[in-house]
**Student:** 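Once you've had a glance at the structure underneath, I'll fire off some questions.
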Amino acid sequence: MASGSSDDWRSPTDDEWDALEELGDEGTWEMAGTEVRLSSLDKELLPAIDERPEVTKGDLVRHVAGFAPQFEHYLADRAVNLLRVPDGLDGDSFWQQAVPQGAPEWVRRWQDPEATGRQAHDRVVVDGTASLVWLAQMAAVELHPWTSSVTSPDVADYALVDIDPGEDTTWEDSLTLARLFRTALAELDLVGCPKVTGKRGLQIWVPAGGDAGFDDTSRFVEQLSRHVGGIVPELVSWRWRTDERQGKARLDYTQNARHKTLVAPWSVRAAPGGPVSVPIGWDELDDEDLRPDRWCVADVAARFESAGDPFAALVGVTQELPDL
DNA sequence: GCAGGTT
DNA sequence: AACCTGCAACGCATT
DNA sequence: AATGCG
């Protein structure tokens with residue numbers, strides 16, 4: 001069954017924002033008819049760094065609520081893995097795939113019919129703003145959705161290019177690699193879009209064909225990556241072990257697998273200052289101010305206001321990924 | 001962050 | 001009542 | 001079979 005109406009994914013109204021403000025550090029927030037229990041909103045989850053302020057739980061709540069309409073495109077009908085940081089970066093952080101115990105009954109769940117053993121648990125499927133806010137209350141800083149939807153868990157919706165910098169990879173090297181993918185995709189007449197990860201790397205998301213399996217997307221990204229790597233062999237290593245890569249970048253096509261996830265567009269990263277994974281236009285690869293952690297919780301709303309969501313161009317696109 | 005178990 | 005603990009796991013490559 | 005890797 002598809003998720004609810006897009007009203008479920010709307011940003012808060014002015015009245016709802018005011019109500020959140022009035023809670024102070026703790027209370028129950030009614031968002032689009034759903035009550036979410038919030039606590040420790042003033043608690044620091046991510047520390048300040050340089051000019052960037054600390055990120056509190058309240059800041060995270062405001063971020064996910066404000067970006068809910070964008071999150072819908074990448075989270076609706078998908079299981080999501082969580083990186084939770086309840087006690088900040090100095091405390092214990094942990095990954096979670098199962099629905100957290102004590103989750104409200106209105107949180108949507110999905111059990112992978114092919115799961116066995118330890119995987120056979122209910123997973124969280126975010127179905128609107130209230131769910132996003134509850135996840136923020138759970139201190140789920142990073143949201144990593146599946147590439148496939150729960151309605152067709154074996155159909156890959158995107159082919160994912162992961163440019164993973166090595167020890168000696170400069171930002172300019174990463175940009176060189178991204179530009180080569182830009183050229184290759186243009187020559188193939190394929191639509192795709194890059195985003196900065198908020199950490200060190202870049203990813204490129206390429207919509208797949210609606211009936212593509214993970215073997216198809218994996219093969220396509222491997223072939224494309226080997227083509228790109230062949231042009232600049234001095235920048236790319238195909239060695240498996242990190243200590244044999246000579247500091248070079250890895251083009252990690254193995255992310256194209258059923259249970260693997262990449263950080264969602266607009267997700268905060270668990271790092272000081274709260275950097276955000278932000279979709280960019282291809283031409284921004286040539287912007288000398290671009291950085292992998294260019295935007296953070298404090299300034300990403302302004303970025304969205306001026307540039308919108310370049311990934312919107314990918315929504316609903318289906319295209320055949322050729323054999324190269 | 002929170003449930004569940006242990007001291 | 002205070003404290004402690006768990007909270008992910010797939011596919012590929014190499015040894 | 002076990003480990004490294006993301």
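Throughout, protein chains are lettered first and strands after them, A, B, ... in sequence-line order, and every chain is numbered starting at 1. What you see is a predicted model; the values in this text were computed from it and never measured.
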**Student:** Sticking with atom C1', work out how far D:dT3 lies from C:dA9, rounded to a whole angstrom.
**Tutor:** 14 Å
**Student:** Mapping A:Trp240 and A:Thr261 to their closest nucleotides on DNA chain C, which lands nearer the 5' end?
**Tutor:** A:Thr261
**Student:** Side chain of A:Gln97 only, heavy atoms from C-beta on: which candidate in C:dT15, C:dA9, B:dG1 is closest?
**Tutor:** C:dA9
**Student:** To the nearest angstrom, how far is A:His144 atom NE2 from C:dA9 atom P?
**Tutor:** 16 Å
**Student:** Quickly work out the A:Phe214 CZ to C:dC12 P distance and round it to whole Å.
**Tutor:** 12 Å
**Student:** NA contact type, A:His121, heavy-atom cut-off 4.0 Å: base, sugar-phosphate, or nothing?
**Tutor:** sugar-phosphate
**Student:** With sequence neighbours excluded, what pairs up with A:Asp252 under the side chain to side chain contact (heavy atoms under 4.5 Å, CB included) test?
**Tutor:** A:Asp162, A:Arg250, A:Thr254, A:Gln255
**Student:** What residues, two or more places apart in sequence or in another chain, satisfy side chain to side chain donor-acceptor pair (under 3.5 Å) together with A:Glu320?
**Tutor:** none
**Student:** Just how far, in rounded Å, is C1' of C:dA13 from CZ of A:Arg241?
**Tutor:** 11 Å
**Student:** How many Å lie between CG on A:Leu83 and P on C:dC7, as a whole number?
**Tutor:** 15 Å
**Student:** Could you check which of C:dA8, B:dG1, C:dT15 has an atom nearest any side-chain atom of A:Pro86?
**Tutor:** B:dG1
**Student:** Who are the side chain to side chain donor-acceptor pair (under 3.5 Å) partners of A:Gln101, not counting sequence neighbours?
**Tutor:** none
**Student:** With heavy atoms under 4.0 Å as the rule, sort A:Ser218 into base, sugar-phosphate or nothing.
**Tutor:** nothing
**Student:** According to the ring pair (Phe, Tyr, Trp, His ring centres under 6.0 Å) rule, which pairs have a member within residues 150-181 of chain A, sequence neighbours left out?
**Tutor:** A:Tyr158-A:Trp205
**Student:** Under the side chain to side chain donor-acceptor pair (under 3.5 Å) test, which residues partner A:Ser277, sequence neighbours left out?
**Tutor:** A:Lys195
**Student:** Contact boundaries of DNA chain D with chain A (under 4.0 Å, heavy atoms), 5' to 3'?
**Tutor:** D:dG4 to D:dG6
**Student:** Once ring pair (Phe, Tyr, Trp, His ring centres under 6.0 Å) is applied, what residue pairs with a partner in residues 258-280 of chain A remain, sequence neighbours excluded?
**Tutor:** A:Phe67-A:Trp266, A:Trp146-A:His259, A:Trp266-A:Phe304
**Student:** Using centres under 5.5 Å plus planes under 30 degrees as the test, is A:Trp95 stacked with C:dA8?
**Tutor:** yes
**Student:** Going by the ring pair (Phe, Tyr, Trp, His ring centres under 6.0 Å) test, which pairs reach into residues 209-238 of chain A, not counting sequence neighbours?
**Tutor:** none
**Student:** Applying a strict under-4.5 Å side-chain criterion to I, L, V, M, F, W and Y, I'd like to know whether A:Leu290 and A:Leu235 cluster together.
**Tutor:** yes
**Student:** Measure CG/A:Leu60 against P/B:dG1 and give the value in whole Å, please.
**Tutor:** 11 Å
**Student:** I want to check a possible cation-pi pair here: A:Arg303 against A:Trp295, using under 6.0 Å from ring centre and within 45° of the ring axis as the test.
**Tutor:** yes
**Student:** Among C:dC10, C:dA8, B:dG1, find the nucleotide with the atom closest to the side chain of A:Lys260.
**Tutor:** C:dC10
**Student:** Using a heavy-atom distance cut-off of less than 4.0 Å, which residues of residues 250-257 of chain A contact DNA chain D?
**Tutor:** A:Asp252, A:Gln255
**Student:** For A:Glu21, enumerate each residue passing the side chain to side chain donor-acceptor pair (under 3.5 Å) test, keeping only those at least two apart in sequence or located in another chain.
**Tutor:** none
**Student:** Check this for me, if you would: do A:Lys43 and A:Glu26 make a salt bridge, where the nitrogen-to-carboxylate-oxygen distance has to be below 4.0 angstrom?
**Tutor:** no
**Student:** Can you check the A:Phe94 CZ to C:dC7 P distance for me, whole Å?
**Tutor:** 10 Å
**Student:** For nucleotides C:dA8 and B:dG4, find the distance between their P atoms and express it as a whole number of Å.
**Tutor:** 15 Å
**Student:** Taking only nitrogen or oxygen atoms into account, show me every contact under 3.5 Å that the protein makes with nucleotides 2-5 of chain B, one pair per line with its distance.
**Tutor:**
{"residue": "B:dC2", "atom": "OP1", "partner": "A:Gln137", "partner atom": "NE2", "Å": "3.3"}

**Student:** Grab the CG-C1' distance between A:Asp243 and C:dT14 for me, whole Å please.
**Tutor:** 11 Å
**Student:** I need the full list of salt bridge (Lys or Arg N to Asp or Glu O under 4.0 Å) pairs touching residues 138-157 of chain A, with sequence neighbours left out, sorted by first then second residue.
**Tutor:** A:Arg78-A:Asp157, A:Glu142-A:Lys199, A:Glu142-A:Arg269, A:Asp154-A:Arg258
**Student:** Over how many whole Å does the gap from A:Gln96 atom CD to C:dT5 atom C1' extend?
**Tutor:** 13 Å
